[in-house]
Amino acid sequence: MVFARTKIMIHDWCFEEAPTELFLNYTGPNPQIALKHYMESLKTIFKVRDSEIQEKNFNWDRAGKEEKFDLEFEVRKDMDKNTYLFIQGGLEGTITPSEQFGKEGHLRVRITGAVRTEYPQDTFWQKSLIYEFFRVMYHKLIYVSLWEKYMAECREMTRYFVEEMKAYLNLLQKGGM
């Protein structure tokens, strides 16, 4: 990831068709258990460490009989010097006590991904017209194939993440853990 005061950023959603965000809905026993699996799946599928996952929002309201939660996460996975995957997602839902399962409720899982390339524009040289000409030539002639590879990886990992969560939620629906 490039740390610069000013930069040119190229941002492209992994899924171009609307909506760019993928959703899963689950109703059944113990939806709160899915949080741990969600975090483990993020780490294993996107091959990131805990330090690369940032918690953006964590609300868990336990007031009253019905618990409500809303969690948002952001992942930045470096692909090369200028490019990284930008993954956003979260869980939201409600939980009520249940005699049969202990707890049951509703859960909505969401995830979206993008590929971002950032070119710093801090120095006089990086702001010059000559530098910009060579940067555009490099990007159009050489870097575009690498960019397409990153886009395909992003789509593949995001789809795999959704399939993994689907399989886990099916297991949870059947009473497994």
Side-chain angles (χ1 to χ4, degrees), residues 1-26 34-59 69-93 107-169:
M1 186 172 357
V2 177
F3 295 102
R5 285 187 313 241
T6 57
K7 58 190 165 207
I8 294 173
M9 181 190 302
I10 302 168
H11 173 102
D12 209 358
W13 296 110
C14 296
F15 296 99
E16 295 153 1
E17 61 277 351
T20 58
E21 196 167 36
L22 303 175
F23 296 98
L24 287 174
N25 290 311
Y26 167 80
L35 173 60
K36 183 177 180 183
H37 189 73
Y38 185 93
M39 295 303 290
E40 290 303 316
S41 294
L42 275 178
K43 287 188 253 182
T44 56
I45 293 170
F46 290 101
K47 297 176 184 86
V48 294
R49 298 179 305 260
D50 286 332
S51 62
E52 295 171 299
I53 300 173
Q54 185 174 7
E55 191 177 282
K56 299 300 278 185
N57 182 25
F58 189 96
N59 293 319
F69 58 92
D70 183 14
L71 315 164
E72 292 179 32
F73 300 97
E74 195 173 273
V75 175
R76 291 175 187 241
K77 176 185 172 51
D78 288 333
M79 302 303 277
D80 64 31
K81 182 179 141 197
N82 295 321
T83 304
Y84 60 94
L85 293 183
F86 181 68
I87 309 297
Q88 293 176 304
L91 300 150
E92 62 183 88
L107 173 70
R108 182 178 178 116
V109 178
R110 64 188 181 281
I111 189 164
T112 187
V115 177
R116 286 184 175 175
T117 297
E118 297 177 356
Y119 294 108
Q121 298 284 290
D122 286 339
T123 65
F124 179 74
W125 168 243
Q126 291 169 337
K127 293 177 185 177
S128 73
L129 196 56
I130 298 166
Y131 176 84
E132 185 64 15
F133 173 76
F134 285 117
R135 187 197 61 77
V136 169
M137 291 295 288
Y138 165 75
H139 192 83
K140 296 251 184 218
L141 298 176
I142 298 168
Y143 199 73
V144 75
S145 62
L146 197 53
W147 176 268
E148 288 169 358
K149 178 184 161 230
Y150 294 154
M151 289 291 288
E153 269 185 63
C154 182
R155 282 190 290 273
E156 182 182 322
M157 285 190 269
T158 305
R159 282 190 183 116
Y160 184 61
F161 178 83
V162 169
E163 292 302 316
E164 177 66 26
M165 286 304 295
K166 245 189 236 184
Y168 182 75
L169 293 174

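Treat the numbers as computed from the prediction; the structure is a model and nothing was measured.
Ring orientation note: the planes of Phe161 and Tyr38 are nearly perpendicular, at an angle over 60° on the 30°/60° scale.
When the shell of 6.0 Å around CD of Glu156 is examined, it contains 12 or fewer heavy atoms from other residues, nucleotides or ligands. Heavy atoms of other residues, nucleotides or ligands lying less than 6.0 angstrom from CG of Leu141 number more than 12.
Between Tyr143 and Leu146 the shortest side-chain heavy-atom distance falls below 4.5 Å. Glu92 places none of its side-chain heavy atoms less than 4.5 Å from the side chain of Val109. In this structure the side chain of Glu55 never reaches within 4.5 angstrom of the side chain of Glu72, judged on heavy atoms. A heavy-atom distance below 4.5 Å is not found between the side chains of Phe58 and Asp70. Using a 4.5 Å cut-off on side-chain heavy atoms (C-beta onward), Phe133 and Met137 make contact. Between Phe86 and Lys77 there is no side-chain heavy-atom pair separated by less than 4.5 Å. Taking 4.5 Å as the limit, some side-chain heavy atom of Leu22 sits within range of a side-chain heavy atom of Thr158. Using a 4.5 Å heavy-atom threshold, the side chains of Leu71 and Phe73 count as touching.
Exactly one of Asp80, Asn82, Ile8 qualifies for a side-chain contact (heavy atoms from CB on, under 4.5 Å) with Thr117. That residue is Asn82.
In this structure, the side chain of Thr83 does not engage the main chain of Met79 through any donor-acceptor pair within 3.5 Å. Between the side chain of Glu52 and the main chain of Arg49, a donor-acceptor pair closer than 3.5 Å is present. Side-chain atoms of Gln126 come within 3.5 Å of backbone atoms of Asp122 as a donor-acceptor pair (strictly under, hydrogens ignored). In this structure, the side chain of Gln88 does not engage the main chain of Glu74 through any donor-acceptor pair within 3.5 Å.
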* To do: I would like to know whether Tyr150 and Asp12 meet side-chain hydrogen bond (donor to acceptor under 3.5 Å, both in side chains); could you show each step before the answer?
  => CA-CA 11 Å; Tyr150 294 154; Asp12 209 358; over 6 Å; no
* To do: Dump the intermediate steps for side-chain contact (heavy atoms from CB on, under 4.5 Å) on Val75 and Leu85, then the final yes or no.
  => CA-CA 8 Å; Val75 175; Leu85 293 183; over 6 Å; no
* Take Lys127 and Thr123, measure what side-chain contact (heavy atoms from CB on, under 4.5 Å) needs, and give me the verdict at the end. => CA-CA 6 Å; Lys127 293 177 185 177; Thr123 65; over 6 Å; no
* Step-by-step side-chain contact (heavy atoms from CB on, under 4.5 Å) determination, Tyr119 to Met9 -> CA-CA 7 Å; Tyr119 294 108; Met9 181 190 302; over 6 Å; no
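Taking CE of Met165 as the start and CG of Leu91 as the end, the distance is 6.0 Å to the nearest 0.5 Å. Taking CZ of Arg155 as the start and CD of Glu153 as the end, the distance is 11.0 Å to the nearest 0.5 Å. The CD atom of Glu164 sits 10.0 Å away from atom CG of Leu169, with the distance rounded to the nearest 0.5 Å. Atoms CG and NE2, on Leu42 and His37 in that order, are 10.0 Å from each other to the nearest 0.5 Å. Distance NZ/Lys140 to CZ/Arg135: 9.5 Å, rounded to 0.5 Å.
Considering all non-hydrogen atoms of both residues, Trp13 and Gly113 come closest at CE3-O, 3.4 Å.
Annotation: cation-pi geometry satisfied between Arg108 and Phe23 (NZ/CZ under 6.0 angstrom from ring centroid, within 45° of ring axis).
Residues Glu118 and Tyr84 bring a donor and an acceptor atom of their side chains to less than 3.5 Å of each other. Asn59 and Asn57 are linked by a side-chain donor-acceptor pair at a separation below 3.5 angstrom, with hydrogens and angles left out of the test.
Under the disulfide (SG to SG under 2.5 Å) criterion, the residue pairs touching residues 132-166 are Cys14-Cys154, with sequence neighbours excluded.
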